[in-house]
Enquirer: 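Shown below is the structure under consideration.
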Amino acid sequence: MNPSTHILAAEVSLPEWLSTVSTGLANGALYALLAVALVTVYRTTGHLNFAQGEFAMISAFLVFTFVGMGMPIWVAILVTMVVTAAASAALQFGVMRPLESRGHSASLIAVLGMFLFANSFAGVVWGVDNKTPLAPFPDGTEDRLTIIGGDRPFTLSFVTLGVWGALIALLIVLWILLSKTKLGVAYRAVISNRSSAALVGIPVAGVFAFGWALAAVPGTLAGALTSQATSTLNFSMMINVLIFAFTAACVGGFDSLVGAVVGGLLVGVVESVVPRLFPAIGTGSGLMIALVLLLVVLVIRPQGMFGQKEVTRV
Amino acid sequence: MTTETGVVQRNVESVSGRPVAEETRSAMQAVAARFSRRSLYVGALGYVAVVAVTAVALPEARVLQLATALAYGLSILGLNLVSGYAGQISLGHSAFFGIGAYTSTILVTDHGWPLLATLPVGAVLGFVVGVIAGLPALRLKGHYLGLVTLSFAVVFPLIITHFPDLTGGVNGKLLQSAWVIPDGAPAFFTQTTINYLVVAVVTGIGLLVCRNLVRYGRSRTLIAIRDNEVAAATSGVHLAREKTIAFASSTAIAAIGGSLFAMVTGVVGPETFGIFLSIQLLTGLLIGGSGTLVGPIIGGLVLAFLPTLTADVVGGTGANMVYGALLVLLMFFMPLGIAGGGRGLLRQVSRWLEAKGRHRSTRRSVPRDTVGPTSQNPCI
């Protein structure tokens, strides 16, 4: 993030660097939102939910439909959160839980089935062409906050600020929910030790469903905000974001919420700064950078920055 | 067929509590019976007969579909080595399928190579890239491997579009190759038919190679890895090496399948070889029956014919919906696929009827942590 001066020299000014980094942080916040959803599921039931991105995409379409029915957009987002949370809980309860006894491969396959189904479902229901993107935040050309004025200005769009705000708000809500409420304590108890939690009378199955439902909240936010930030609303909008989010979760450590957020922001910044530093890479190579980052992290430190090392017994 | 039924019965009994030694012996007999010379001859003759009859009797459009099915089938056969036998779920095989397809297309169209000569090149490339990709990826377990291979599948189309001069970019590239048809050949002997026969021969060889790999090769090591990685490592299995070899052989076979696919369809495009193809290949494997030799071929047939069936019901894009639903349903009702589990379904239904009203736990005797066959349920 602190590039050596000879690369900076004359050609790229400070405001440009600031805007590169802030673009990275804005994208990173989107990755972080989806990564939080992935980590929430992983911590609860140990599944990597490959379908999380597609769930978020369906959420974005649901918001679109509710707005079309005349709801204000934030009300539509809240309603969608409730609907998708219920649907996720039902999937955990009806599909994932019965498959638990068949082991990890079976649940992985089931999740892939959901991925394929959700993607194709959206194509069939809402069509394969791009719809009008969602606009939770004002996004006119004038809706910007000027940080540095002058002839080389540095401004932040309200969308960028809104994405950051949404991420911070989500983290505060999650923190209150998980540390201050009885439900949150039960959730953490189940994560820390399933059988002990069951022994003291916590309904583990219910908590599992709660974990999946909880993931729908950041998932819906990720879908709606990605739609605005990338000006897309179609059935394949979340596939790349999913890869970035997975990379983020890996970098941060799959069992850490803080890790997901830090990882997401880091991946976003790396993705936008590296092509600036090495113009030879060219634009549009973000995914490849993410893949390299993913491989490096997995080989050097598979548990991620904040994760705990797994110990396996035979 | 008779031996197979015998095997099934022995296994059912062995599950219900025979002495261990006897169980092991019967499992070994089962393996031996499955791989007997007679089953080889019967299988090979059947394969040749079916291919010959379909090539002559079916209309050209169907022959084309069958050729596609066998090309898919060969790739799924490759995927089967790593996902079926070694239990490592790979979501990256579309990339290797694509590597084969693009290698053949570029060599034939731009450099005038004969098509058959490009198959080994694609296979070697698939193997080398498989080793390079597999080394870091296979040090990881289960989910993480899926994650990394998923990224391969997503990145591959991007790499293809990144080099438009070589690959034709987003527009794709035509594979221009035509067989010389001798004068006086019968009417059914068209380009499509020759393509079909070539695919059938190569896939047949692939079947033989996989059969021998499974019979004489490392299949026990691979199955040990699948059933319990840590236990296998403790017993002296070099996990990283075995998995990498399995993965690279698997990607080499997938690449040959890709070359054949390009030959049959005559055109390649980056979006053909994305993440959805990977999941479809995996679906094909599981529908057909993972850890079996017949399963991948059945899976290839499903992949080639299902979209035409679903097009009428849910529209052109709906095939993936059906695949998705099938994947989930299979995990519930037929985790061993058509080849491995038509009988499993029957067994489950009868057990369910038996256990109705009894305690829940008596129903759960399906092997844990596997989607393929286990040692109690050896591979065909």
Side-chain angles (χ1 to χ4, degrees), chain A residues 42 46-48 50-51 54 91 95-96 98-124 127-128 235-236 239-240 242-243 246-247 249-250 254 282 284-288 290-292 294-296 298-300 302 310 312-314, chain B residues 83 87 89 91 133 135-137 139-144 146-148 150-152 154-155 158-159 161-162 226 228-231 233-234 274-276 278-280 282-283 286 290 314-315 317-332 335 364 366-372:
Chain A
Y42 184 80
H47 297 123
L48 291 197
F50 286 92
E54 302 313 292
L91 277 179
V95 177
M96 300 312 286
L99 282 181
E100 199 130 289
S101 61
R102 300 260 166 87
H104 271 313
S105 320
S107 28
L108 179 60
I109 304 281
V111 164
L112 289 173
M114 292 182 204
F115 172 94
L116 215 53
F117 186 88
N119 183 280
S120 183
F121 177 79
V124 168
V128 290
F235 72 112
S236 61
I239 292 180
N240 291 359
L242 178 75
I243 301 289
F246 266 130
T247 311
C250 270
F254 255 103
S285 48
L287 267 181
M288 278 175 246
L291 175 62
V292 171
L294 178 69
L295 283 177
V296 169
L298 285 180
V299 169
I300 295 175
E310 241 178 273
T312 320
R313 280 171 204 238
V314 183
Chain B
S83 293
I89 306 265
L91 297 175
L135 277 178
R139 289 181 42 177
L140 314 161
K141 273 187 289 186
H143 286 339
Y144 288 110
L147 194 55
V148 173
L150 173 84
S151 332
F152 295 159
V154 173
V155 164
L158 294 177
I159 296 178
T161 44
H162 213 69
R226 181 188 67 194
N228 192 330
E229 233 168 69
V230 185
T234 335
I275 171 66
F276 292 106
S278 272
I279 306 184
Q280 283 164 0
L282 202 59
T283 314
L286 288 158
S290 71
V314 275
T317 49
N320 281 342
M321 231 163 108
V322 178
Y323 289 139
L326 271 179
L327 271 181
V328 177
L329 291 178
L330 276 172
M331 285 305 103
F332 274 96
R364 289 265 180 260
V366 174
R368 288 175 63 90
D369 204 20
T370 171
V371 290

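The figures that follow rest on heavy atoms only: side chains count, while hydrogens, waters and symmetry mates do not. Letters go in sequence order (proteins before strands), and every chain restarts at 1.
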Enquirer: What are the two closest heavy atoms between A/S120 and B/M321, and how far apart are they?
Expert: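 Distance-wise, the nearest heavy atoms are OG-N, 3.1 Å.
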
Enquirer: I want to check something: taking the side chain as every heavy atom from C-beta on, are A/F117 and B/V328 in contact at a cut-off of under 4.5 Å?
Expert: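 In short, these two side chains do not touch, never coming nearer than 4.5 Å.
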
Enquirer: Report the distance from atom CG of B/L327 to atom CD1 of A/I109, rounding to the nearest 0.5 Å.
Expert: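 Between B/L327 CG and A/I109 CD1, I get 6.5 Å after rounding to 0.5 Å.
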
Enquirer: Against B/L150, only a single residue in A/L294, A/I243, A/L112 fulfils side chain to side chain contact (heavy atoms under 4.5 Å, CB included); can you say which?
Expert: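 Going through A/L294, A/I243, A/L112 one by one, the side chain to side chain contact (heavy atoms under 4.5 Å, CB included) with B/L150 is satisfied by A/I243 alone.
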
Enquirer: Please report the closest heavy-atom contact between B/V148 and A/L295, naming both atoms and the distance.
Expert: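 Nearest heavy atoms, B/V148 then A/L295: CG1-CD2, 3.5 Å.
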
Enquirer: Using a cut-off of under 4.5 Å for heavy-atom pairs, which of A/N240, A/T247, A/L99 has the most such pairs with chain B?
Expert: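 Of the candidates given, the most pairs with chain B belong to A/L99.
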
Enquirer: Where on B/L329 is there a heavy atom nearer than 4.5 Å to chain A: the side chain, the backbone, both, or neither?
Expert: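 For B/L329, no heavy atom lies under 4.5 Å from chain A.
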
Enquirer: Check whether B/I275 gets within reach of chain A through its side chain, its backbone, both or neither, counting any heavy atom under 4.5 Å.
Expert: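 When you check distances to chain A, only side chain atoms of B/I275 fall under 4.5 Å.
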
Enquirer: Which value, rounded to the nearest 0.5 Å, describes the distance between B/F276 atom CZ and A/I239 atom CD1?
Expert: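 Interatomic distance, B/F276 CZ to A/I239 CD1, rounded to 0.5 Å: 3.5 Å.
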
Enquirer: A/F50 versus B/L147: any side-chain heavy-atom pair under 4.5 Å?
Expert: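 With C-beta onward as the side chain, the pair touches.
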
Enquirer: For the interface with chain A, which of B/T161, B/L282, B/I279, B/I159 has the highest count of heavy-atom pairs at distances below 4.5 Å?
Expert: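 Highest number of heavy-atom pairs under 4.5 Å: B/I279.
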
